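What follows is a short report on a single structure.
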Amino acid sequence: MKTYRIAIIKGDGIGPEIVREAQKVLNAVSQIEHFSIQYQEYLMGGCAYDACKNPLPEETIQGCLQADGILFGAIGGNKWDYLPRELRPESGLLRLRKALEIFANIRPVVVFDELLEASTLKPEIIRGVDLVVVRELIGGIYFGEPKGKDEKHAYNTMIYTRDEIKRIAKVAFELALNRKKKLCSVDKANVLDVSLLWREVVTEVGKDYPQVSLTHQYVDNASMQLILNPKQFDVILTGNLFGDILSDEASMLTGSIGLLPSASTGGKAALYEPIHGSAPDIAGLGIANPIATILSASMMLKNTFKETKAASMIEKAISKTLQEGYRTKDIAAFGAKEICSTTQMGDLIVKFLQ
Ligand code: IPM
Ligand code: MG
């Protein structure tokens, strides 16, 4: 029997609650599909700081490097806001991404028909939305040097090398090839030099993909277009900061940020996580939506383990659960027959597998 070793990083806030549900679903699907999973838990974020004064213990990096896949919940909370930047929970995640060299962050945005009413946008605008944000994850202004802050100034550097742009562009073009063959690269080339290079390199890479139609949008326009007419997009390629912002915005097309999974790949490991944060305000209340994390687990099955059947079983089970009218609180007001807790949502998805 095939065995997959998954590194589990539950993190802070609602992290442990949502990851637990994803593991429940993984376990159930592994029994049906006859593979086995070994989990090893690691600390990262605020909980790691509390335990060992380090948001990213070396053991976590090593564990992730050895695992076949990494499932991560969420990190952060105001409890740790007083700490200097390098000790804060977020820097644990940023350092892990860097250490694993996972430069390609893939964030699919798919609108469930059952949840058309859950979005603040009109159903006719979002029905059938199916796009992917490809975000460069270990460069740009998040990591650029020099940076600094003193009493009078503070600054960061938005920097990209030709090679960094090239490798993320390739990922996006490959993805587009297997989809609707449309790629929109988002930058701010009317103002930023770094975006001029971005546009130049993406255009160059595009020459190797004549089947893919390439367009460019400025990020301010793109953020408007996402709301105006999201169906124009297939693959959106962009840098670290713009991708962070646009993917949160895009999540609202689906009705809740609690629905969006992500994969971070291209490096020494593959990390899967919901795009949302640790939601400390609802942590422990049992109302968090576990679907984004469960979908992240399903992406791991599909992309990293090539267990496509198991992955699509999970996706179908989620659709079925929503069709039957079950909703967590964040998506509740719309067509809800029954409002369920985090745990009940996990149980229902397990029930509807197959
Ligand atoms: C995300 C998050 C992170 C980011 C934070 C928690 C550092 O917002 O994954 O989108 O900005 O990348
Ligand atoms: Mg974000």
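Each ligand, and each atom within it, is numbered from 1 in the order the structure gives. Since we're looking at a predicted model, the values are computed, not measured.
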query = Between the side chain of T157 and the main-chain N/O of P146, is any donor-acceptor distance below 3.5 Å?
reply =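 Judged by distance alone, yes, a pair lies under 3.5 Å.
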inquiry  = Please find the pair of heavy atoms, one from S264 and one from E273, that lie closest to each other, and give the distance.
reply    =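 Smallest heavy-atom distance, with atoms named: OG-OE2, 4.4 Å.
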Side-chain donor-acceptor pair present, [X], [Y], cut-off under 3.5 Å:
X    : Y    : result
T328 : D330 : yes
S30  : Y4   : no
Q225 : Q232 : yes
Y160 : N240 : no

For ligand 1, list every N/O pair with the protein closer than 3.5 Å, one pair per line with the distance.
residue	atom	partner	partner atom	Å
ligand 1	8 (O)	D244	OD1	3.3
ligand 1	9 (O)	R97	NH2	2.7
ligand 1	9 (O)	R107	NH2	2.9
ligand 1	10 (O)	R107	NH1	3.2
ligand 1	10 (O)	R107	NH2	3.1
ligand 1	10 (O)	R135	NH1	3.3
ligand 1	10 (O)	D244	OD1	2.9
ligand 1	11 (O)	Y142	OH	2.6
ligand 1	12 (O)	R97	NH1	2.7
ligand 1	12 (O)	R135	NH1	3.3
ligand 1	12 (O)	R135	NH2	2.8

message = Applying salt bridge (charged side-chain N to carboxylate O under 4.0 Å, His left out) to E200 and R162, what does each step give before you reach the verdict?
response = CA-CA 9 Å; E200 199 179 297; R162 201 166 262 283; 2.8 Å; yes
request  = Flag this pair as yes if the NZ/CZ of K53 is under 6.0 angstrom from the six-membered ring centre of Y49 and inside a 45 degree cone about the axis; otherwise no.
outcome  =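 Because its charged atom sits under 6.0 Å from the ring centre and within 45° of the axis, K53 does stack over Y49.
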request  = Spell out the protein N/O/S atoms under 2.8 Å from the Mg ion (ligand 2) as residue plus atom name.
outcome  =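 Checking every protein N, O and S atom gives D244 OD1.
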inquiry  = If you count heavy atoms of other groups shown closer than 6.0 angstrom to NZ of K181, is the number above 12?
reply    =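 Yes, because the 6.0 Å sphere around NZ of K181 holds more than 12 heavy atoms from other groups.
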